[in-house]
Chemist: 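I am attaching a structure below and will ask some questions about it afterwards.
The sequence lines fix the lettering, A, B, ..., with proteins before strands; numbering per chain opens at 1.
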Protein chains: 2
Amino acid sequence: MSTRINNLKNLFPKNSIDATLISSPHNILYLTNFSHFYHTEREAFLLITKKNQYILTDGRYTDAVKKHLKNFQLIEISPRNPFENTIKNIIEKEKILSLGIETNNITVAEHKKITPCVKNIKHFDLTELRIQKDKEEIAAIQQACIIGDKTFAFILKKIKPGITEKEVAFEMENFIRKNDAEISFRTVVAFGKNSAFPHHKTGRDRLKNNDAILLDFGVKYENYRSDMTRTIFFGKASLEKKRVYATVLNAQQKAIEYLKKNIGNKIFLSDADKIARGYIIAQKFPSFPHSLGHGIGLKDHEPPSINPKSKEILKTGMVFSIEPGIYLNNFMGVRIEDLIAIQNDTVIQLTHSPKNLIEL
Amino acid sequence: MSTRINNLKNLFPKNSIDATLISSPHNILYLTNFSHFYHTEREAFLLITKKNQYILTDGRYTDAVKKHLKNFQLIEISPRNPFENTIKNIIEKEKILSLGIETNNITVAEHKKITPCVKNIKHFDLTELRIQKDKEEIAAIQQACIIGDKTFAFILKKIKPGITEKEVAFEMENFIRKNDAEISFRTVVAFGKNSAFPHHKTGRDRLKNNDAILLDFGVKYENYRSDMTRTIFFGKASLEKKRVYATVLNAQQKAIEYLKKNIGNKIFLSDADKIARGYIIAQKFPSFPHSLGHGIGLKDHEPPSINPKSKEILKTGMVFSIEPGIYLNNFMGVRIEDLIAIQNDTVIQLTHSPKNLIEL
């Protein structure tokens, strides 16, 4: 963890800041490896200055922080000692002129409290560090993907006529948890026409003959996440459905091939999106209403985003999804999603579940 | 839902706003009953003006929104048509001068995009509406609590020597999901000394004789949540542990009795906290490092907060926890938490699991 904090401090000069306030739970997790905080509440801040690092949290976490985070100075905040008091004191004491904050996380109300504490406030976040994963991070994501692959193999044996979407999700999530992992995000199970909603909410519909089955699910393993989508068929897939499936699969393979072929050269991520999307459109299907892919790691969705307007260039250490889809309202949808890691000028596929057209 | 939107619009004059931008996922859920959006991402906004209501979301949700939200005008946002464009257009078209935003949810980066769109920006949120639950909301919370009570009864039969905290949490969560409900928040299972951490992270420790067992867990049922804590003993509780337990239980009962006795009069919520906390301190135990209680509903934690500095007065429709605790580092902790609803000048206890000292 101290390497990460040093890397962070090394970014101060080029961002013209003397210190940074880290507020987003995933960035706190990245810098501390302390996973006790709930991610839906503001339960802690880190204040990292050139010389020191402080953790601000409330009394519920005091003893746990003391036990696990010995390289941070703990400051207990409470209604009587709000976080802005601490910030003000440290900023005065350490003569901080310019503070970096996560402007995509700090709320307007919090900003109003920070403003009087310091002369300059600038945007600063950890994207630059987190977007390039190290070996251990990629290994953890890989482990999550292995459990995801096992889950897919497992669920194929459980699918039977009349089962509901919720029951399928339950079986999958249970399997994941029995494998000593957690659910990364709400499992999407979409039968038949429901598969045409890119983010269908798993419901009580029952499986019928000739339904498509879209499964989009993630595993969290030691705080790192996987994400995978497969679309299979219950009974026979019609020729039309087969053509949809083959088009999505080809689009995905073309994007991945493009990365493999050009690795080592400068690759714009937007080009990968354009290749997959362009292919689908050329086959007379509608463009998909989402990015081709997204980064993943401590969060389900994190940089880079792979869309037609992405500015990023492919870099070693990036881990992201490639997930084209075709969604035909009132008929069916197909999405195929795999995770890719870039390591030492190699494109490594992290998910390995079969992608041949499966008819159960 | 249209009642809620009308109630919201009725708040415009007193807040001197012509329209409001609703951004927090729980407020969107409250106003739409549409539960498809992920709560960890910014996937939608509502823009409610005097005459109209708009939902801004991306193409992944277009078809689902069209199907379920017929009383909203859908505007599809994308990298090419960012949300601020839409806001600007509507504000111009409807001649909106003053826009209410959730300053405790909108980020600094988003605020920067909204600022050029409108003359005045003010804080506005739904606390005033959501803090007073209607009959249906209380009934949903009550149903979640019933499943919570069943979960507690179930887990008592499963606890055995050598079981890990994680295994207990797994059994509980599985039971909840088999009862057609979801987990509301990460289940806390703390054995022995771990119970002294108010928000212990459930781990791999194994149950030993004479351990205290703290169970803090919640159920989500039709989007509404329960929350309950019980502390029990595996084997015999020493006299000292019994005294800790009795003190917490008395503190809780005193706070609840205070509400029951004074209902109908003006009750400051802070007084309930002071009664429970004061009693614990008078028994020579340390004050607990958290509020006596918190509101609950669509979120695990929502207003009102019941702490020594709370300004709120007890109102009908409030639903909140009463959860004093004693935490003795390196020894043990006890917390007892129940949910209370206020309806027609009556204090209704929603959780009914036994609170006599249980020695398994």
Chemist: Compile a table of inter-chain donor-acceptor pairs under 3.5 Å between chain B and chain A, counting both main-chain and side-chain atoms.
Modeler:
from     : atom 1 : to       : atom 2 : distance (Å)
B:Ser35  : O      : A:Arg186 : NH1    : 3.4
B:Ser35  : OG     : A:Lys201 : NZ     : 2.7
B:His36  : O      : A:Arg186 : NH2    : 2.6
B:Tyr38  : OH     : A:Arg186 : O      : 3.3
B:Glu41  : OE2    : A:His301 : ND1    : 3.2
B:Tyr61  : OH     : A:His199 : ND1    : 2.7
B:Thr103 : O      : A:Val108 : N      : 3.3
B:Thr103 : O      : A:Ala109 : N      : 2.8
B:Ile106 : O      : A:Val108 : N      : 2.9
B:Val108 : N      : A:Thr103 : O      : 3.3
B:Val108 : N      : A:Ile106 : O      : 2.9
B:Ala109 : N      : A:Thr103 : O      : 2.8
B:Glu173 : OE1    : A:Arg177 : NH2    : 2.5
B:Arg177 : NH2    : A:Glu173 : OE1    : 2.5
B:Asp180 : OD1    : A:Arg204 : NH1    : 3.1
B:Asp180 : OD2    : A:Arg204 : NH1    : 3.2
B:Arg186 : O      : A:Tyr38  : OH     : 3.3
B:Arg186 : NH1    : A:Ser35  : O      : 3.4
B:Arg186 : NH2    : A:His36  : O      : 2.6
B:His199 : ND1    : A:Tyr61  : OH     : 2.7
B:Lys201 : NZ     : A:Ser35  : OG     : 2.7
B:Arg204 : NH1    : A:Asp180 : OD1    : 3.2
B:Arg204 : NH1    : A:Asp180 : OD2    : 3.2
B:His301 : ND1    : A:Glu41  : OE2    : 3.2

Chemist: Check each atom of B:Val65 against the heavy atoms of chain A and say whether the ones under 4.5 Å are side chain, backbone, both or neither.
Modeler: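 For B:Val65, there is no contact with chain A at all, as no heavy atom is under 4.5 Å.
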Chemist: Side chain from CB out, backbone as N, CA, C, O: work out which of these in A:Phe37 comes under 4.5 Å of a heavy atom of chain B, or both, or neither.
Modeler: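 It is the backbone, since no side chain atom gets that close.
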